[in-house]
Amino acid sequence: FMLKLTPTLLKWYPHDLLIRQSVESSTITQEGYTYLEAAMHLMPKKDLVTILAGVADCLHEEQGYHITHPLLLVHGDQDNLGTIKTDAPRWADRYPNCTYRVIPDAGHLAHIDNPVFFNRLLLEVLNTVEGKM
C-alpha cells in the first residue's frame with residue numbers, strides 16, 4: 001500500500017529533505033553519503049521523484065517469472081531499507097544460479113560503503129561463471 005502511495009508522497013516532499021532522507025537510509029559511510037548526496041543534487045526534483053517512484057513501482061511478484069542466468073544478490077549487513085533483509089534470502093532460495101552474500105560494514109549501497117569487499121566478491125563470481133556462459 002505504501003509503495004503505491006510513494007509517487008504522490010514524493011511530489012510533496014521538499015527536494016533537500018528527500019535527498020537527505022534518501023541518503024541517510026541508503027549508506028552508512030561518510031564517503032557514501034558525500035557521493036550519493038552530490039549525485040542526487042545533480043537531478044532536478046522531478047527526475048529524482050520519477051526514479052524513486054519507478055523503483056517502488058517495479059517491486060512486485062510476477063507469476064512464472066524465473067531468472068535462468070547466474071545472479072549475484074547482495075545487501076549490506078546494516079541495510080534497513082525496505083524489506084530486503086528478509087526478502088533476499090527467500091529470493092536466493094528460488095534460484096539455483098544465485099550467489100547470495102551479505103556485505104559487511106555496509107548499508108543499502110553496499111558496493112559504495114564497502115567497495116573492496118564487494119568488488120572482490122563480484123570478480124570471484126564473474127570468474128566462476130565465465131566458463132559457464
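The side-chain contact (heavy atoms from CB on, under 4.5 Å) test applied to A110 returns I103, A106, not counting sequence neighbours. For the salt bridge (Lys or Arg N to Asp or Glu O under 4.0 Å) test, residues two or more places apart in sequence or in another chain that qualify with E24 are R20. Take K85 and apply the side-chain contact (heavy atoms from CB on, under 4.5 Å) test, not counting sequence neighbours, and it matches H75, N80. Under the ring-ring contact (aromatic ring centres under 6.0 Å, His included) criterion, F118 pairs with H111, sequence neighbours left out. Y13 is linked by a side-chain hydrogen bond (donor to acceptor under 3.5 Å, both in side chains) to Q21, counting only residues two or more places apart in sequence or in another chain. In terms of the side-chain contact (heavy atoms from CB on, under 4.5 Å) criterion, residue partners of I28 (sequence neighbours excluded) are, by chain and number, Q78, D113. Residues that satisfy the side-chain contact (heavy atoms from CB on, under 4.5 Å) test with L81, not counting sequence neighbours, are S25, S26, D79, H108. The salt bridge (Lys or Arg N to Asp or Glu O under 4.0 Å) check on D87 picks up R90, with sequence neighbours excluded.
Note on residues 93-103: pairs passing salt bridge (Lys or Arg N to Asp or Glu O under 4.0 Å), not counting sequence neighbours, are E61-R94.
Counting Ile, Leu, Val, Met, Phe, Trp and Tyr side chains that sit under 4.5 Å apart, directly or through other members, L71 shares a hydrophobic cluster with Y65, I67, L73, W91, Y95, Y100, V102. Grouping Ile, Leu, Val, Met, Phe, Trp and Tyr residues whose side-chain heavy atoms lie under 4.5 Å apart, directly or via other members, leaves L123 alone, with no other cluster members.
Here the CD1 atom belonging to I51 is positioned 10.5 Å from the NZ atom belonging to K46, to the nearest 0.5 angstrom. Rounded to the nearest 0.5 angstrom, L121 CG and L126 CG are separated by 9.5 Å. Between the CE atom in M40 and the CG atom in D16 there is a gap of 11.5 Å [rounded to 0.5 Å].
Residues L17 and M43 fall within the same hydrophobic cluster, defined by Ile, Leu, Val, Met, Phe, Trp and Tyr side chains chained together at heavy-atom separations under 4.5 Å.
Two residues are said to be in side-chain contact when any heavy atoms from C-beta on lie closer than 4.5 Å; L122 and V74 fail this criterion. Looking at P70 and V125, their side chains never come closer than 4.5 Å, going by heavy atoms from C-beta outward.
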Would L52 and L18 satisfy side-chain contact (heavy atoms from CB on, under 4.5 Å), going step by step from the backbone distance to the final call? CA-CA 10 Å; L52 294 174; L18 178 59; 3.9 Å; yes

Let me check something: any side-chain donor-acceptor pairs from residues 30-38 under 3.5 Å, sequence neighbours excluded? List them with distances.
unit_1	atom_1	unit_2	atom_2	d
Q30	NE2	T34	OG1	3.1
T34	OG1	Q30	O	3.0

